[in-house]
Asks: 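To start, I am sharing the structure in question, which I have written as structure tokens.
Computed over heavy atoms, backbone and side chain alike; hydrogens, waters and symmetry mates excluded. Bear in mind the structure is a predicted one, so any value in this text is a computation, not a measurement.
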Amino acid sequence: MTPGEATILDGRAGEPRLLVRRVASSGPSVIYVHGATFPSALSVAYRFHGHSWMDDLHRRGFDVWAFDFAGYGGSDRPAYFARSPAGRQPGGRAPWARQQLGRVVAHVLAVTGGARVSLIAHSWGTLVAGLYAATRPGNVDRLVLFGPIARRDVAGDRAAHVPGWRLVSIADQLSRFVEDVPSGHPPVLIEPELASWGPAYLATDPGSAARTPPAVQVPGGPVADIADAWAGRMVYDPARIQAPTLVVRGAWDRVSDDADAAWLMDRLGGRIKLDRKLPKGTHLMHLETGRVALFETAGRFLAGETNP
């Protein structure tokens, strides 16, 4: 179900072990950075009808990498997962996740002998990738921000009420996946009921079956990071990003809408920056029937497209 070779990246004392996937080639290296609730095996590496986004990138000649943040998939579970989530600071915030991404980038550069990598990031992962690209510009060749989180000015401080961790069931995922599809429109999820994806998602957490309903435990930090961004507190400054950047999202995406894309495009510091809005897609377009357009748009950009 998931392509490529999977290895464990060991850390120094106090650092979590991280699962890293690769579909190898001699071409330029691309690393995928996943979002808030499901790991690389259920996103870039998940095969619908025998084909994944990793497969598509490999077919285009890229050396393709993906990994799981601590608390997800095949990477270490943080110690705070064993404690009650109430009254605790949300774990897995973007600055800590950025350190993990930095370790993966260093590993890829060491293995390949390359000087730079390109990044594809989704949703909350765009905050982590944006923070990395802003602070280590020399390591990033090109940056794809898929369904990116941008600054908004929502009143209140919802981040203060986010627990240390949370549980996400298949029903939670399905509700979130379909909520932005216009009423009366046929389903766009490739698996409208998540018949295979759902059980595979639960299998990423060994403890999921012991919960009622079965659910996956994930860090609370990503929700807090997004709440901060929407309250006007972005974790990174887009002006510090110098790499050519693609902002891409589905036309029905309410997590990353036209105003969000415009905010980023106005502030990105690089000379090359492209904005692409794709039809009939939501925030989860990589799991939808329109994913071919997403793959093509990202693939062309990573191969060198610069047309505005």
Asks: Can you name the nearest heavy-atom pair linking Ala133 to Leu143, along with the distance?
Replies: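 Ala133 and Leu143 have their closest heavy atoms at CB-CD2, 4.1 Å.
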Asks: Looking at CG of Asp225 and CD1 of Ile149, how far apart are the two atoms once the value is rounded to the nearest 0.5 Å?
Replies: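 These two atoms lie 10.0 Å from each other.
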Asks: Work out which heavy atom in Ala66 is nearest to a heavy atom in Val44; give both atom names and the distance.
Replies: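 Smallest heavy-atom distance, with atoms named: CB-CG1, 3.7 Å.
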Asks: Going by salt bridge (charged side-chain N to carboxylate O under 4.0 Å, His left out), name the pairs with one or both residues in residues 210-221, residues two or more places apart or in two chains.
Replies: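 As it turns out, the salt bridge (charged side-chain N to carboxylate O under 4.0 Å, His left out) pairs with a partner in residues 210-221, which skip direct neighbours, are Asp205-Arg211.
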Asks: When you measure from the side chain of Glu5 to the backbone N and O of Val23, does any donor-acceptor pair fall under 3.5 Å?
Replies: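 Between the backbone of Val23 and the side chain of Glu5 there is no qualifying donor-acceptor contact (under 3.5 Å).
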Asks: Drop me the distance from Trp263's CH2 to Asp153's CG, to the nearest 0.5 angstrom.
Replies: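 Spacing of CH2 (Trp263) from CG (Asp153) equals 9.5 Å.
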Asks: Looking only at the side chains, is there a donor atom on one of Asp63 and Trp65 sitting less than 3.5 Å from an acceptor on the other?
Replies: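 Present: a donor and an acceptor within the cut-off.
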Asks: Please name the pair of heavy atoms, one in Ala115 and one in Leu109, separated by the smallest distance, quoted to 0.1 Å.
Replies: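 Ala115 and Leu109 have their closest heavy atoms at C-CD2, 3.8 Å.
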Asks: Taking the side chain as every heavy atom from C-beta outward, state whether Leu202 and Val216 have any pair of such atoms under 4.5 Å apart.
Replies: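 Side chain of Leu202 against side chain of Val216, heavy atoms only: contact under 4.5 Å found.
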Asks: Walk me through whether Ser52 and Arg47 qualify under side-chain hydrogen bond (donor to acceptor under 3.5 Å, both in side chains).
Replies: CA-CA 4 Å; Ser52 73; Arg47 281 179 169 154; 4.6 Å; no
Asks: May I ask you to check whether Tyr80 and Trp165 place their ring centers less than 6.0 Å from one another?
Replies: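 Not close enough - the centres of the two rings lie 6.0 Å or further apart.
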Asks: Decide, yes or no, whether a salt bridge links Lys273 with Asp275 under the criterion of side-chain N to carboxylate O below 4.0 Å.
Replies: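 So Lys273 does not pair with Asp275 through a salt bridge.
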Asks: Given the ring of Trp230, does Arg152 sit roughly above its face, with NZ or CZ under 6.0 Å from the centre of the six-membered ring and within 45° of the axis?
Replies: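 Here Arg152 passes the 6.0 Å and 45° test against Trp230.
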Asks: Do Val30 and Leu119 touch side chain to side chain, with heavy atoms closer than 4.5 Å?
Replies: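 A side-chain contact is absent here, since even the closest heavy-atom pair is not under 4.5 Å.
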Asks: Working to the nearest 0.5 Å, report the span between CG of Leu268 and CG of Leu145.
Replies: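 Here the interatomic distance stands at 7.0 Å.
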Asks: For Arg98 and Thr135, does a side-chain donor sit closer than 3.5 Å to a side-chain acceptor?
Replies: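 Distance-only check passes for Arg98 and Thr135.
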Asks: How far apart are the closest heavy atoms of Ala70 and Pro78, and which atoms are they?
Replies: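 Smallest heavy-atom distance, with atoms named: C-CD, 4.3 Å.
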Asks: Side-chain heavy atoms under 4.5 angstrom apart, residues restricted to Ile, Leu, Val, Met, Phe, Trp, Tyr: same cluster for Val162 and Trp124?
Replies: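 No; tracing contacts between hydrophobic side chains, which count when under 4.5 Å, never links both residues.
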Asks: Strictly by modelled atom types, are Ser25 and His58 linked by a side-chain donor-acceptor pair under 3.5 Å?
Replies: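 Absent: no donor and acceptor within the cut-off.
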Asks: Among His122, His51, His34, which one satisfies ring-ring contact (aromatic ring centres under 6.0 Å, His included) with His286?
Replies: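 Filter result, single survivor: His122.
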Asks: Does a side-chain heavy-atom distance below 4.5 Å link Asp228 with Arg93?
Replies: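 With C-beta onward as the side chain, the pair touches.
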Asks: Quick one: are Leu264 and Asp266 in side-chain contact, heavy atoms under 4.5 Å?
Replies: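 No - every pair of side-chain heavy atoms lies 4.5 Å or more apart.
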Asks: Do any side-chain atoms of residues 296-304 form donor-acceptor pairs under 3.5 angstrom with protein atoms, and if so which ones, sequence neighbours left out?
Replies:
{"from": "Glu296", "atom 1": "OE1", "to": "Arg60", "atom 2": "NH1", "distance (Å)": "3.3"}
{"from": "Glu296", "atom 1": "OE1", "to": "Arg60", "atom 2": "NH2", "distance (Å)": "2.7"}
{"from": "Thr297", "atom 1": "OG1", "to": "Ala293", "atom 2": "O", "distance (Å)": "2.7"}

Asks: How many angstroms lie between CZ in Phe67 and CD1 in Ile31, if you round to the nearest 0.5 Å?
Replies: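 Those atoms lie 7.5 Å apart.
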Asks: Drop me the distance from Arg291's CZ to Leu294's CG, to the nearest 0.5 angstrom.
Replies: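 The CZ atom of Arg291 sits 10.0 Å away from the CG atom of Leu294.
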Asks: Counting C-beta onward and ignoring hydrogens, is there a side-chain heavy-atom pair between Arg88 and Pro163 closer than 4.5 Å?
Replies: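 No - every pair of side-chain heavy atoms lies 4.5 Å or more apart.
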Asks: Kindly state whether the ring of Trp53 and the ring of Phe48 have centres lying under 6.0 angstrom apart.
Replies: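 Here the rings of Phe48 and Trp53 have centres that are no less than 6.0 Å from each other.
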Asks: Looking at Arg77 and Ser75, would you say the former's side chain and the latter's main chain have a donor-acceptor pair under 3.5 Å?
Replies: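 Yes; at least one donor-acceptor contact below 3.5 Å.
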Asks: Does the ring centre of Trp197 sit less than 6.0 Å away from the ring centre of Phe38?
Replies: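 Here the rings of Trp197 and Phe38 have centres that are less than 6.0 Å from each other.
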Asks: Which residue in the set Val105, Leu127, Ile241 passes side chain to side chain contact (heavy atoms under 4.5 Å, CB included) when paired with Tyr132?
Replies: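 Option passing the side chain to side chain contact (heavy atoms under 4.5 Å, CB included) with Tyr132: Val105.
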Asks: Could you tell me if the side chain of Thr204 sits less than 4.5 Å from the side chain of Tyr72, heavy atoms only?
Replies: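 No, too far: nothing below the 4.5 Å cut-off.
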Asks: Report all side-chain donor-acceptor pairs from residues 170-189 shorter than 3.5 Å, counting only partners two or more places apart or in another chain.
Replies:
{"from": "Asp172", "atom 1": "OD2", "to": "Ser169", "atom 2": "N", "distance (Å)": "2.9"}
{"from": "Asp172", "atom 1": "OD2", "to": "Ser169", "atom 2": "OG", "distance (Å)": "3.1"}
{"from": "Gln173", "atom 1": "OE1", "to": "Arg176", "atom 2": "NE", "distance (Å)": "3.3"}
{"from": "Gln173", "atom 1": "OE1", "to": "Arg176", "atom 2": "NH2", "distance (Å)": "2.9"}
{"from": "Gln173", "atom 1": "NE2", "to": "Thr37", "atom 2": "OG1", "distance (Å)": "3.0"}
{"from": "Gln173", "atom 1": "NE2", "to": "Tyr201", "atom 2": "OH", "distance (Å)": "3.4"}
{"from": "Arg176", "atom 1": "NH2", "to": "Thr37", "atom 2": "OG1", "distance (Å)": "2.9"}
{"from": "Asp180", "atom 1": "OD1", "to": "Arg254", "atom 2": "NE", "distance (Å)": "2.6"}
{"from": "Asp180", "atom 1": "OD1", "to": "Arg254", "atom 2": "NH2", "distance (Å)": "2.8"}
{"from": "Asp180", "atom 1": "OD2", "to": "Arg254", "atom 2": "N", "distance (Å)": "3.4"}

Asks: To the nearest 0.5 Å, what is the distance between CG (Asp68) and OG (Ser43)?
Replies: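 Reported value, rounded in 0.5 Å steps: 8.0 Å.
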Asks: Could you go step by step and tell me if Val108 and Arg116 meet the side chain to side chain contact (heavy atoms under 4.5 Å, CB included) rule?
Replies: CA-CA 9 Å; Val108 171; Arg116 293 185 294 179; over 6 Å; no
Asks: Salt-bridged, Lys277 to Asp257, with N to O below 4.0 Å?
Replies: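 The answer is no: the pair does not qualify as a salt bridge.
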Asks: Applying side chain to side chain contact (heavy atoms under 4.5 Å, CB included), run through Val33 and Ile120 and close with a yes or a no.
Replies: CA-CA 6 Å; Val33 185; Ile120 300 176; over 6 Å; no
Asks: Would you find more than 12 non-hydrogen atoms of other residues, nucleotides or ligands less than 6.0 Å from Arg17 atom CZ?
Replies: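 Result for CZ/Arg17: open.
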Asks: So Val117 and Asp141, side chain to side chain contact (heavy atoms under 4.5 Å, CB included) or not? Walk me through it.
Replies: CA-CA 5 Å; Val117 301; Asp141 185 28; over 6 Å; no
Asks: Regarding Thr282 and Asp253, is there a side-chain donor-to-acceptor distance under 3.5 Å anywhere?
Replies: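 No, no side-chain donor-acceptor contact under 3.5 Å.
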Asks: Is the shortest heavy-atom distance from the side chain of Arg166 to the side chain of Pro219 under 4.5 Å?
Replies: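 The answer is no, as the side chains (C-beta and beyond) never meet within the 4.5 Å cut-off.
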Asks: Does Ile190 offer a backbone N or O that forms a donor-acceptor pair with the side chain of Glu288 under 3.5 Å?
Replies: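 No; judged by distance alone, with no hydrogens or angles, the pair does not exist.
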Asks: If you draw a 6.0 Å radius around CD in Glu15, do more than 12 non-hydrogen atoms from other residues or ligands fall strictly inside?
Replies: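 Atom CD in Glu15 is crowded, with more than 12 foreign heavy atoms closer than 6.0 Å.
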Asks: Might you point out which heavy atoms bring Pro279 and Ala251 nearest each other, and give the distance in Å?
Replies: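 Looking at all heavy atoms of both residues, the shortest contact is CA-CB, 4.2 Å.
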Asks: Do you know which two heavy atoms are closest between Leu278 and Met285, and how far apart they sit?
Replies: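 Looking at all heavy atoms of both residues, the closest pair is CB-CE, 3.6 Å.
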Asks: Quick one, Val247 and Arg276 - any side-chain contact, counting heavy atoms below 4.5 Å?
Replies: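 Counting from C-beta outward, Val247 and Arg276 never come under 4.5 Å.
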